[in-house]
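Note that the coordinates shown come from a computational prediction; the quantities given were computed from them, not determined experimentally. Order of listing sets the numbers, starting from 1, for every ligand and every atom in it.
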Amino acid sequence: MNPLLTAARFAPVHKAVQVSYLESDLVSTVDQNIEKLNNHLARFESDGIPNRIAGRDVPGSAGVFESTSPVDKSVICDVAHGSAEDIDAAATAAADAFPDWRDMAATQRRKILINVAEAIEARAEEIALCECWDTGQAYRFMSKAALRGAENFRYFADQVVQARDGKHLKSPTLMNITSRVPIGPVGVITPWNTPFMLSTWKIAPALAAGCTVVHKPAESSPLTARLLIEIAEDAGLPPGVLNAVNGFGEVAGKALCEHPKIRAIAFVGESRTGSLITRQGADTLKRNHLELGGKNPVIVFDDADLERALDAVIFMIYSINGERCTSSSRLLVQDTIRDEFEAKLAERVKNIKVGHPLDPDTEVGPLINEEHYQKVTSYFDIAKQDKATIAAGGEAIGDTGYFVKPTLFTNANNAMRIAQEEIFGPVLTSITFSTEEEALAIANDTPYGLTGYVWTNDLTRALRFTDKLEAGMIWVNSENVRHLPTPFGGVKASGIGRDGGDWSFDFYMEQKHIGFATGQHKISRLGVQ
Ligand code: NAD
């Protein structure tokens with residue numbers, strides 16, 4: 001048992017309370033949660049996390065690395081350190097398992113994936129607790145993220161039967177049909193922010209399409225990837241259909257991108273890593289789906305419902321520790337309402353509860369790791385150098401773990417680094433505009449284009465504005481509410497490709513055209529004397 005993992009050794013940043021808004025079976029105090037977590041972690045502490053290849057636990061060929069918790073910097077467990085050798089074994093296992101999985105009756109594949117969804121639901125609390133400890137994410141959000149993971153499996157399971165259907169495109173001489181076939185074994189490379197939900201978001205449609213998978217989870221958050229593969233195999237997923245190799249991006253991740261048996265890479269992570277993924281896959285002509293970073297604007301016009309806008313602005317940058325690709329990290333507020341809006345905002349930001357992630361009352365937990373903590377806190381100095389105002393936060397909290405105060409920068413302009421660079425923490429930069437044209441120019445003046453949020457009650461303005469806003473996903477008078485059938489993805493440096501609905505199958509499957517002659521049409525005759 002990890003001695004650091006006791007309520008007595010770790011004093012929460014704020015007091016534990018019991019809350020009633022979570023699902024009843026997920027409601028418990030921080031002390032109860034820590035006790036349950038200790039029970040779940042015991043097996044990781046004794047056995048570590050091996051790679052999982054062809055249904056077998058396999059040690060990492062490069063030994064082990066340690067996984068630590070951002071809550072108190074304690075070691076959680078040893079993790080298999082995978083290298084090209086392990087990736088080769090996993091890619092071979094995925095290639096061997098592919099024909100049977102591809103050819104399994106769709107109804108049978110669907111049943112297995114539904115079983116996985118149910119098994120995730122049954123272990124949702126364990127997943128949520130482990131995710132919080134591994135990543136620092138607050139339990140109030142992670143309990144729902146685990147269930148979202150189940151929903152991803154259930155949603156794509158329900159598409160399995162139609163996934164291969166095609167079109168019938170008759171021409172004068174041919175009966176043309178199209179069908180879709182799974183592309184083959186694929187690599188899934190995921191980041192550390194909400195890792196369980198994001199892994200299922202990629203793995204569920206890949207499996208539903210009939211592909212087999214090699215998963216390379218983020219080195220900073222290996223726990224729930226292990227739970228996922230365990231759950232999936234227990235629920236009936238055949239060995240080798242899903243394989244997991246832990247390790248670092250530049251070694252294991254790179255080897256996965258370069259492996260000739262892997263037909264495509266589904267990647268979620270930073271934009272600069274997206275470029276590397278593209279380069280690494282060039283020799284083997286990989287198909288890549290890239291879900292990358294963002295510096296997303298939320299634009300608040302003075303005719304909007306300002307109370308709702310305020311709630312949404314706060315939720316979209318301070319939930320999930322601000323470690324969220326779709327976070328609204330740039331607030332563009334109209335000059336006519338700026339003083340009042342920013343004053344209310346600053347007051348609320350100062351009230352956000354930072355604390356132990358397993359306390360159900362906590363709203364913001366610690367950042368993922370030392371490197372990311374150094375990055376986020378460096379922007380506090382950058383903001384000062386650029387002469388922005390720190391209207392809230394701007395400081396770390398203690399040195400027990402990687403806690404920072406939720407932060408608001410005001411008096412900023414869009415040329416500042418705090419407005420241009422993805423900070424990926426609970427840090428919001430507020431910029432003022434006066435006209436719609438100016439708001440649009442500022443909103444689009446970024447390398448990124450993942451999401452945008454527009455708050456106005458002028459319908460024609462909303463139509464005009466969203467038409468010109470450079471983003472893959474836009475919400476009007478709403479925070480980000482994910483609907484699985486809609487396309488998810490970004491433009492510019494925020495990514496290439498879309499997930500969700502049938503768009504996921506477009507990526508994991510190949511379109512095939514077959515033309516059947518319907519008669520004796522004329523065929524040009526060459527070489528005839
Ligand atoms: P990251 O790019 O550093 O790492 C992501 C994954 O890529 C990890 O598993 C890592 O090991 C691996 N990796 C690193 N270098 C690699 C290489 N050369 N070859 C192959 N794999 C490699 O990202 P991160 O810091 O873990 O995650 C945060 C980033 O993810 C943010 O930029 C965030 O915006 C982005 N993100 C985007 C979305 C989206 O849907 N657009 C969703 C979540 C997170």
As a test of the contact definition, would atom 32 (O) of ligand 1 count as having a protein heavy-atom neighbour under 4.0 Å?
yes
Identify, with sequence neighbours excluded, every residue that meets side-chain contact (heavy atoms from CB on, under 4.5 Å) alongside P195.
E131, T135, S221, T224
Is any N or O atom of F424, backbone or side chain, closer than 3.5 Å to an N or O atom of ligand 1?
no
Check ligand 1 against P191 and write out every atom of the ligand that is under 4.0 Å from a heavy-atom position of the residue.
5 (C), 24 (P), 26 (O), 27 (O), 44 (C)
F488 neighbourhood, listing ligand 1 atoms whose heavy-atom distance to it stays under 4.0 Å:
40 (O)
Which heavy atom of the protein is the closest neighbour of atom 20 (C) of ligand 1, given with residue, atom name and distance?
G253 C, 3.3 Å
Closer than 4.0 Å to some heavy atom of K254 - which atoms of ligand 1 meet that?
19 (N), 20 (C)
Counting both backbone and side chain atoms, is some N or O of S494 under 3.5 Å from an N or O of ligand 1?
no
Measuring from non-hydrogen atoms of P217 to any atom of ligand 1, is the shortest distance under 4.0 Å?
yes
Within the structure, does N193 bring an N/O atom to less than 3.5 angstrom of an N/O atom in ligand 1?
no
May I ask you to identify the nearest protein heavy atom to atom 35 (C) of ligand 1, giving residue, atom name and distance to one decimal place in Å?
G269 O, 3.2 Å
Ignoring hydrogens, just give me the one of T273, I189, L198, V268 whose non-hydrogen atom is nearest atom 15 (N) of ligand 1.
T273
For G247, is at least one N or O under 3.5 Å away from an N or O on ligand 1?
no
